[in-house]
Number of protein chains: 2
Amino acid sequence: MSRIRDKKRTAILNAACEEFANHGFAGTKIVDIASKINLPKANIYYYFESKQVLYRHVLDSFIQPLLMATAPFDQYDHPAEALTDYIKLKIEISKNHPNASKVFANEILHGAPHLPADIIEKLTQQTSRASEKLQQWVDRGLMDDINPLHLLFSLWASTQTYADFNWQIKLHLKTDCISEQDYTDATETLIKVILKGCGVATQVAK
Amino acid sequence: MSRIRDKKRTAILNAACEEFANHGFAGTKIVDIASKINLPKANIYYYFESKQVLYRHVLDSFIQPLLMATAPFDQYDHPAEALTDYIKLKIEISKNHPNASKVFANEILHGAPHLPADIIEKLTQQTSRASEKLQQWVDRGLMDDINPLHLLFSLWASTQTYADFNWQIKLHLKTDCISEQDYTDATETLIKVILKGCGVATQVAK
DNA sequence: AAAAAACTTGACCCAAAAGTCAGGTTTTAG
DNA sequence: CTAAAACCTGACTTTTGGGTCAAGTTTTTT
């Protein structure tokens, strides 16, 4: 078993993720990925057959965390718990995978030209599930009459912004690096506004 | 006075805006901008000296609408009115300038490599102003104790998502084109959730 | 130890796309 | 009407960057 192969492949993928995040697919040069980890360009091509393939791997690596995030909607049967956990999870993802998130955001921004059809299918299904669950809660009077899809769009945008547009976040928070406290503030603010805004402010007694 | 010049320049800028929005700076080919409006590539270079310059013009064209959007924070002295108008305005911008918005989003996503320093300065000042105004309202008890910056981040993200990530919006709304009704629903949902979420739900009697 | 397998890389090739320009046509000013 | 100014573009040069490859070195296997 070749240990070198795995080590170098992940090193390359990490460097590629950062480059793709900062420059997009077309703007990224293989030679820059290589020099970021002190390798000659040809070495990259020994491990990955093309720029496309490398990009796809980076993109794929983000799909799993993304699909996992909707778990709270299946797990709980009350909007207060589900929404709270969902927001926490999504902010956590932004904190832990800022670069992969940017690559994904870039992909969506440009109309998802490299996103495989089966991934799109999975994402739409997840969204339908979450949306239906929210509608049920609305119908059962557990929350205000909020359009589920638009609520989801807002949640996605508000949480992913801490990864995708972190340049802007850092600018206005006047910091070089979004701190632990900032993420906590973001999570707290969002939970406070969304729960109250949906009419599920305080956790009802069970 | 050359009428041709102005007409063609704006035609080129419009085509360029769409191409840059869909493919990013590096992914856009001058020849594609040209053929989109049935011009030979060399003609583009007669009107704009370089791809960089063309891109800067597209980017600049979005700055004014963007800076205008904060007007409600100066105009009103109550969060209910200001937030309502701000959300309406921002959604309107997403509806009317989806391409320019995408170009701007792409710029921020990649760390604003082409954004002039004076624009950045203006944006930070606007944000400080809006943020201070929100804090005043919190202090005067006109709204709940919400972190102003994080609230702004959320508002930006939630409104811009209808332009920047419209591919995703269309996918989940199962439509080819976001309808007037969809924008109305988005605006309504956001206003409802944000106002109630901030504790300024119903407009208080003056 | 020696053969096989895995890894490395400088030098190269080539397609794509930015950018130029000379010599033309059209428009405008007087 | 004519001369200057503005406009147009096919054909060209230049640069960039993805991808290849042959000739190595290192590691693993037997």
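Letters A, B, ... mirror the listed sequences (proteins, then strands); counts begin at 1. Treat the numbers as computed from the prediction; the structure is a model and nothing was measured.
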Does the cation-pi check pass for [X] over [Y], that is, NZ or CZ under 6.0 Å from the six-membered ring centre and within 45° of its axis?
X: Lys133(A); Y: Phe73(A); result: no
X: Lys8(A); Y: Tyr47(A); result: no
X: Lys51(A); Y: Phe25(A); result: yes

Provide, to the nearest angstrom, the distance between the [atom1] atom belonging to [X] and the [atom2] atom belonging to [N].
X: Ile30(B); N: dT13(D); atom1: CD1; atom2: P; result: 21 Å
X: Phe25(B); N: dA17(C); atom1: CZ; atom2: P; result: 14 Å
X: Asn38(A); N: dG10(C); atom1: CG; atom2: P; result: 12 Å
X: Ile44(A); N: dG17(D); atom1: CD1; atom2: P; result: 16 Å
X: Lys29(A); N: dG18(D); atom1: NZ; atom2: C1'; result: 13 Å
X: Glu19(B); N: dA17(C); atom1: CD; atom2: P; result: 12 Å
X: Tyr45(A); N: dG19(D); atom1: OH; atom2: P; result: 4 Å
X: Leu39(B); N: dT9(D); atom1: CG; atom2: P; result: 7 Å

**OP:** Have a look at Phe48(A) and say if it touches a base, only the backbone sugar-phosphate, or nothing, with a 4.0 Å heavy-atom cut-off.
**Re:**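 No contact at all - Phe48(A) keeps every heavy atom at 4.0 Å or more from the nucleic acid.
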Original post:
Between Lys95(B) and Glu92(B), does at least one N-O distance fall below 4.0 Å, as a salt bridge requires?
Top reply: yes
Original post:
Any donor-acceptor pair under 3.5 Å joining the side chain of Lys41(B) to the base of dG19(C)?
Top reply: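 Yes, a donor-acceptor pair under 3.5 Å.
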Subject >> Nearest to side-chain heavy atoms of Pro40(A), which nucleotide of dG10(D), dG18(D), dT9(C) >> reply: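 Comparing dG10(D), dG18(D), dT9(C) against the side chain of Pro40(A), the answer is dT9(C).
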Original post:
Does Tyr46(A) place a side-chain N or O at less than 4.0 Å from the phosphate oxygens OP1/OP2 of dC7(C)?
Top reply: yes
Original post:
Within less than 4.0 Å of OP1 or OP2 of dA6(C), is there a side-chain N or O belonging to Arg5(A)?
Top reply: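 Checking dA6(C) against Arg5(A), no side-chain N or O comes under 4.0 Å of OP1 or OP2.
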